[in-house]
Trainee: 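First the structure, then my questions, so here it is.
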Amino acid sequence: MKKFLFITFICACFLSIASFVSGADKTVRVTWSQVIPDPTGAVIIGWNVYRSETPGVYTKGTYWVRAVYDNVVRPEYSVSNTITQPAVGGVPKPYYFVVTAYTSNTESDFSSEVSTTIQPESPKVPGKPTNIMVEQQ
Amino acid sequence: MRLQAVYKSKFSSFLVSMAFIFLLWDSGLVVTTDPVKISWTAPVVDADHGPVLAYEVKVVTAAKSTVRTYMYTTINSYIILNRPSVDFFEVEVRAVNPTGAGEWAKSISSSDAVFNGQPGAWRLYFMLPAPSGGGIE
């Protein structure tokens, strides 16, 4: 029975798209699930998240961000990374992501691909201060 | 001839008095010889306005024929202003960030300024300080 015991948890990846001047930071959350065979299966060490600007184009080993599994079953593992996209003159740009599980000597196939499009926002100047007052020292 | 000179002198005094009355008509006046603290409320960051990186403060005198401008920069919402010279001054403040500068808020605008705890315009008058010390030997 133990042989067929599976532990399932979710590996979550948070992608932050930052733009300081416009205050247009956005967070895109992408999730995958992972079935871990216990205890006779391969020992997963972690997950590699790959990012691409072209669908289906990824190279094993050149991952974008890595989540390390510490042998503790949790509902969720999360990692984060930042994409900085120019706001001035920027155009909506799609990004594609896949994930793999890896062990000490092997890496799984790529997961199904997910994608998101980031729409840059124009940077903005500040507003006008108010309530200018003077106090004698 | 001498009478004409007296009339001219009186007329000049009248004009100067009227100018002061006009100047003070719609605004409060802070008269001081000491440094003053000028503060303001930061503009809000919203869909149309970006965050503030710093403030520019412009202190302008136009009471005499030559307009003199003194510029200051701060990351705080206040400055301590030492007497730039003996004169009447107006104060303007604007917020800046890497995208550019916002609108000037002016101490002579009752919608931008607060005087005696109420919305109201104000000007500054830095007096000539009295001589210090003194004694008889």
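Numbered from 1 within each chain, the chains take letters A, B, ... in sequence-line order.
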Trainee: Between A:M133 and B:S39, is there a side-chain heavy-atom distance shorter than 4.5 Å?
Mentor: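 Sidechains of A:M133 and B:S39: in contact.
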
Trainee: Is there a path from A:V49 to A:Y69 through hydrophobic residues (I, L, V, M, F, W, Y) whose side chains come within less than 4.5 Å of each other?
Mentor: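 Yes, because A:V49 and A:Y69 connect within a single hydrophobic cluster, where side-chain heavy atoms sit under 4.5 Å apart.
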
Trainee: Is there a side-chain contact between B:V91 and A:V134 (heavy atoms, below 4.5 Å)?
Mentor: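 They are not in side-chain contact.
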
Trainee: Would one find more than 12 heavy atoms of other residues, nucleotides or ligands at under 6.0 Å from atom CD of B:E103?
Mentor: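 For B:E103, atom CD is not crowded (no more than 12 foreign heavy atoms under 6.0 Å).
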
Trainee: More than 12 non-hydrogen atoms from neighbouring residues, nucleotides or ligands closer than 6.0 Å to NZ on A:K128, yes or no?
Mentor: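 Yes, NZ of A:K128 has more than 12 neighbouring heavy atoms, counting only those of other groups under 6.0 Å.
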
Trainee: Using every non-hydrogen atom in the two residues, find where B:P51 and A:P126 come nearest and quote the distance to one decimal.
Mentor: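 Here B:P51 and A:P126 meet closest at O-CG, 3.8 Å.
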
Trainee: So which residue, B:G102, B:A105, B:A42, ends up with the most heavy-atom pairs under 4.5 Å with chain A?
Mentor: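 Counting heavy-atom pairs under 4.5 Å, the top option is B:A105.
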
Trainee: Counting only non-hydrogen atoms closer than 4.5 Å, does B:L81 touch chain A with its backbone (N, CA, C, O), its side chain (CB onward), both, or neither?
Mentor: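 Looking at B:L81, nothing touches chain A.
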
Trainee: Heavy-atom distances under 4.5 Å only: say whether B:V31 touches chain A with side chain, backbone, both or neither.
Mentor: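 Only the backbone of B:V31 comes within 4.5 Å of chain A.
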
Trainee: Using a 6.0 Å cut-off, check whether atom OH of B:Y78 has over 12 heavy atoms from anything other than its own residue.
Mentor: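 Atom OH in B:Y78 is not packed in, count stays at 12 or less.
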
Trainee: Does one hydrophobic cluster hold both B:W104 and A:V125, with members joined at side-chain heavy-atom distances below 4.5 Å?
Mentor: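 No, it is not one cluster - the side chains of B:W104 and A:V125 are not joined through contacts under 4.5 Å.
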
Trainee: Is there a donor-acceptor pair closer than 3.5 Å between any side-chain N or O of B:D112 and the backbone N or O of A:I132?
Mentor: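 No, because the side chain of B:D112 does not come within donor-acceptor range (under 3.5 Å) of the backbone of A:I132.
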
Trainee: Please report the interatomic distance CG(B:D48) to NZ(A:K124), rounded to the nearest 0.5 Å.
Mentor: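 The distance works out to 7.0 Å.
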
Trainee: Look at the side-chain heavy atoms of Ile, Leu, Val, Met, Phe, Trp and Tyr, link any pair under 4.5 Å apart, and say whether A:I83 and A:V99 land in one connected group.
Mentor: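 Yes, because A:I83 and A:V99 connect within a single hydrophobic cluster, where side-chain heavy atoms sit under 4.5 Å apart.
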
Trainee: Is any side-chain heavy atom of B:D34 closer than 4.5 Å to a side-chain heavy atom of A:Q136?
Mentor: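 No. Closest side-chain heavy atoms not under 4.5 Å.
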
Trainee: Are A:V98 and A:V79 co-members of a hydrophobic cluster defined by side-chain heavy atoms under 4.5 Å apart?
Mentor: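 No, separate clusters.
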
Trainee: Heavy-atom distance under 4.5 Å to chain A: side chain of B:Y55, backbone, both or neither?
Mentor: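 Side chain only.
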
